Amino acid sequence: MAKKIKVESNILKKNNLTAEENKKYFRDHNLFVLNLVSSPGSGKTTLIEKTIEDLQNKIDIYVIEGDQQTSRDAERIKKAGAEAVQINTGKACHLNAVNIKKAVDKLKPSNNSLVIIENVGNLICPSMFDLGENLRVVIISVTEGEDKPIKYPNMFHSSDLCLVNKIDLLPFVEYDIEQTLDYCREVKRDLDIMKVAAINGEGMQKWYKWIADKSGLFKI
Amino acid sequence: MHELSLAENIVAIAENYADKHEISFISEVEIEVGMLAGVEIEALEFALNSAVVNTNLESANLKIIYISGLGKCLSCGLTFNMDTLQSRCPDCNDFNPKVLQGKELRVKSISGE
């Protein structure tokens, strides 16, 4: 006989349960974990390379690289001096909590470290998947449109900090940075926002201070 | 296309509950999707149609129930319908309300025998 069963289960339950396990692992090992999200080409990998270069004397840094294919980014990070593990997502357009659990098992970061996750370049899909990170950082660059925050509101709504990268290019592009900042606040009024140029280090001290303050693991 | 991951999760949840309740043929799955959840419904339907192939919900009616967005103005306290995350308070025009409803992603029920 036909019957109807109440389910009431969150579609992302499996991911969220693993994210909770990750959170516990991070807490138990006193790791500070950042999830970096952006569209492709915003300069995430360069930003991470620069961050490793400038902070590696203050804190151990580990990187989890997410890309659909290739291990090119992980190779770049290793050259910059940090331990890295590459995840190839294949058909998937985002990292999930299970990917991160496996990557952390491989990396085995030492206690009191900074772990940076470079998510797949995509402003839509990764917004929905909690990886268990402490904080989420969305990166946009001045070579993109000012209206990214309102075109992809879910990502900005779920982030804790927005880095506007490549500000060294402002003299050469038509980009109204104040407009971007307004759009960011429209989507999330308490979003922290910083202007940086990873390539030449401009504004990066503020970013380092933010990591130091939020993690409590080192001082600037 | 995170809808593909969502579709695979929906199938897994439905099959799991069917197993537990000794249902071998699923005739209907009710899925609740909030309007502010960031899900493209057409993409989800498309993904579901391929995810159900060779499962015991292959011929099930996949019923998607929309849940409208609801926000509370942080300035004047009004509760109002939100079409997008940028919806402003219709009374005082303040932006960025607190989202009360509309981010749901749930398998509500399964039917079968």
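Just so it is clear, the model here is predicted, and its values are computed rather than measured. Chain identifiers are assigned alphabetically (A, B, ...) following the order of the sequence lines, protein sequences preceding nucleic acid strands; residue numbering begins at 1 within each chain.
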*Heavy-atom distance under 4.5 Å to chain A: side chain of B:Glu40, backbone, both or neither?*
neither
*Please determine which of A:Val85, A:Val115, A:Ile52, A:Leu36 meets the side chain to side chain contact (heavy atoms under 4.5 Å, CB included) test together with A:Val63.*
A:Ile52
*Carboxylate-amine/guanidinium proximity below 4.0 Å for A:Lys78 and A:Glu83*: no
*asked:* Check this for me, if you would: do A:Lys101 and A:Asp105 make a salt bridge, where the nitrogen-to-carboxylate-oxygen distance has to be below 4.0 angstrom?
replied: no
*Which region of B:Ile26, side chain (C-beta onward) or backbone (N, CA, C, O), has a non-hydrogen atom less than 4.5 Å from a non-hydrogen atom of chain A, or is it both or neither?*
neither
_Toward chain B, the part of A:Ser127 with a non-hydrogen atom under 4.5 Å_ = neither
*Considering only NZ, NE, NH1 and NH2 on the basic side and carboxylate oxygens on the acidic side, decide whether A:Glu178 and A:Lys195 come within less than 4.0 Å.*
yes
*asked:* Would A:Arg189 and B:Phe95 count as a cation-pi pair here, with the cationic atom under 6.0 angstrom from the ring centre and within 45° of the axis?
replied: yes
*Euclidean distance, B:Glu15 CD relative to B:Ile10 CD1, rounded to 0.5 Å*: 12.5 Å
_Quick check on B:Ala37 against chain A: is it the side chain, the backbone, both or neither that has a heavy atom closer than 4.5 Å?_
backbone
*Given the options B:Asn96, B:Ile110, B:Asn9, which has more heavy-atom pairs under 4.5 Å with chain A than any of the others?*
B:Asn96
_Heavy-atom cut-off 4.5 Å, strictly under: side chain, backbone, both or neither for B:Val33 against chain A?_
neither
_Interchain contact, B:Lys20 with chain A, by part (heavy-atom threshold 4.5 Å)_ = neither
*Non-hydrogen atoms of chain B under 4.5 Å away: do they reach the side chain of A:Tyr183, the backbone, both or neither?*
neither
